Amino acid sequence: VSQSRYRSLDNRGSSSRGVAFEQATFRHFGKAEAEDQAVGISFLRNQPWVDTTRLDVYGWSFGGFMTLKLLSAPEQFIWFSKKEGFERPYLYDTRGKEIRILGDLSGDMEEWIGFSEDDKYVYYTVATRNGLDRQLCKVEISTGKIQYLTESEGIHTSKVNLSSGYFIDYYSALQTPREIRLANAEGKTDSIWLKASHPLVKFDTCKVELFTLYASDSTQLNGRLIYPYGFDPQKRYPVLIYVYGGPHAHILTKDIVTGK
């Protein structure tokens, strides 16, 4: 059964098919039903309209368990955790033993992108420099070694081709409104697609400054000051403090500020 790009299959163990069908998995979880899903995968691989290099399996609840059973390396899986202070992917075996961390502890993983086509690397973005930057990295699964593919301070939003490793890097920073480039699997620029001019270049603008404070327990706090136009340090000014009420949200980055 196909719905758009998705295929669903009722494997043995499902309800409404009688006792024999339902009890095929009794005391044997992960065998018959995984075999049935594998039959479905083989069916799809033989269809001329299926891109077999982009055929993935996912599921939740018991479907998550079956997804693990169908992995190309069935004795291993990746777990996302903040157990060492920052969210990172960890490689585990199915007995619950940690094999290695995939990366370092420079900041929270911001976005999981996926596996390279040869399953040797994983890609994700990291909130580095105390959450102010967003950087793209790739990690070698066999060693856990991390390589940052973007470096410039600011916000990198990347679209990665997992077959070739090439990626489109959308970049902005405090004084950089937008740059778009094509880079190779090592992060080297192949071509520049866009260097946008500042949208406020024809206007008199206010100075924007990031600063750091420390809480009573020495935790670093990031802040941003937007000075009034024509600021005179010898004068006194009223100040408006902007507070966002959601403690889960993050509002300060090294991104361009064009108006609030």
Side-chain angles (χ1 to χ4, degrees), residues 5-14 22-45 50-128 134-149 158 160-165 167 185-187:
R5 295 181 299 160
Y6 300 94
R7 186 274 294 169
S8 300
L9 180 81
D10 276 338
N11 49 250
R12 282 173 288 175
S14 303
E22 294 175 9
Q23 291 193 350
T25 60
F26 183 64
R27 293 185 176 179
H28 295 287
F29 278 157
K31 186 176 186 299
E33 63 271 48
E35 292 173 354
D36 292 351
Q37 293 296 336
V39 170
I41 293 171
S42 296
F43 164 77
L44 289 175
R45 290 176 66 88
V50 173
D51 181 353
T52 57
T53 66
R54 302 176 66 187
L55 181 59
D56 296 319
V57 180
Y58 81 102
W60 64 278
S61 189
F62 193 76
F65 165 74
M66 291 224 298
T67 300
L68 291 177
K69 297 293 291 185
L70 292 166
L71 289 174
S72 58
E75 299 301 320
Q76 298 179 354
F77 65 95
I78 289 178
W79 178 48
F80 300 157
S81 173
K82 291 188 176 184
K83 68 188 184 74
E84 293 186 79
F86 294 99
E87 183 171 33
R88 273 294 185 271
Y90 291 82
L91 184 66
Y92 271 74
D93 65 28
T94 51
R95 294 177 296 278
K97 181 181 178 181
E98 179 184 326
I99 300 173
R100 66 182 60 90
I101 182 175
L102 298 179
D104 56 20
L105 294 172
S106 59
D108 267 341
M109 179 176 67
E110 187 76 7
E111 179 188 8
W112 172 263
I113 296 174
F115 295 85
S116 61
E117 188 176 79
D118 58 10
D119 290 328
K120 292 183 179 180
Y121 298 93
V122 295
Y123 292 85
Y124 57 87
T125 58
V126 186
T128 59
R134 299 294 182 273
Q135 304 289 350
L136 173 67
C137 71
K138 72 175 181 180
V139 180
E140 188 176 39
I141 297 175
S142 63
T143 63
K145 182 181 179 181
I146 189 170
Q147 177 183 357
Y148 284 92
L149 302 176
S158 304
V160 181
N161 182 311
L162 297 174
S163 298
S164 66
F167 64 95
E186 299 302 312

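Note that the structure is predicted; figures quoted are calculated from it, not measured.
The CD atom of Glu110 sits 9.0 Å away from atom CD of Glu87, with the distance rounded to the nearest 0.5 Å. Taking CD from Gln37 and CG from Asn11, the interatomic distance works out to 4.5 Å, rounded to the nearest 0.5 Å. Separation of atoms CD (Gln147) and CD (Glu140) is listed at 10.0 Å; rounding is to 0.5 Å. The CG atom of Asp51 lies 12.0 Å from the CG atom of Leu44; values are rounded to the nearest 0.5 Å. To the nearest 0.5 Å, atoms CG (Asp108) and OG1 (Thr128) are separated by 11.5 Å. Rounding to the nearest 0.5 angstrom, the gap separating the CG atom in Leu91 from the CZ atom in Phe77 is 8.5 Å.
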Output, in order, the C-alpha distance, side-chain angles, deciding distance and verdict of side-chain contact (heavy atoms from CB on, under 4.5 Å) for Gln135 and Leu149.
CA-CA 7 Å; Gln135 304 289 350; Leu149 302 176; over 6 Å; no
Would you sort out whether Cys137 and Met109 count as a side-chain contact (heavy atoms from CB on, under 4.5 Å), showing the intermediate values?
CA-CA 10 Å; Cys137 71; Met109 179 176 67; over 6 Å; no
Check the pair Tyr124 / Ile146 against side-chain contact (heavy atoms from CB on, under 4.5 Å), numbers first and verdict last.
CA-CA 10 Å; Tyr124 57 87; Ile146 189 170; 4.0 Å; yes
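Between Leu136 and Ile113 there is a side-chain heavy-atom pair separated by less than 4.5 Å. Residues Gln76 and Ile99 meet the side-chain proximity criterion, which asks for heavy atoms closer than 4.5 Å. At least one side-chain heavy atom of Tyr148 sits less than 4.5 Å from a side-chain heavy atom of Val126. Side-chain atoms of Leu162 and Tyr121, non-hydrogen and from C-beta on, never get closer than 4.5 Å to each other.
Looking only at distances, no side-chain donor or acceptor of Arg100 sits under 3.5 Å from a matching main-chain atom of Tyr92. At least one donor-acceptor pair under 3.5 Å links the side chain of Arg88 to the backbone N or O of Asp104. Looking only at distances, a side-chain donor or acceptor of Asn161 sits under 3.5 Å from a matching main-chain atom of Ser163.
When all heavy atoms of Ser164 and Ala185 are compared, the pair lying nearest together is O-CB, 3.9 Å. Across Val139 and Gly103, no two heavy atoms sit closer than the pair CG1-N, 3.7 Å. The two atoms that bring Gly165 and Tyr123 nearest to each other are CA-OH, 3.7 Å, heavy atoms only.
The salt bridge (Lys or Arg N to Asp or Glu O under 4.0 Å) search around Asp10 returns none, not counting sequence neighbours.
Salt bridge annotation for Glu35-Arg12: present, with a cationic side-chain nitrogen under 4.0 angstrom from a carboxylate oxygen.
Relative to the six-membered ring of Phe167, Lys138 misses at least one condition, a distance below 6.0 Å or an angle of at most 45° to the axis.
More than 12 heavy atoms of other residues, nucleotides or ligands sit less than 6.0 Å from atom NZ of Lys83.
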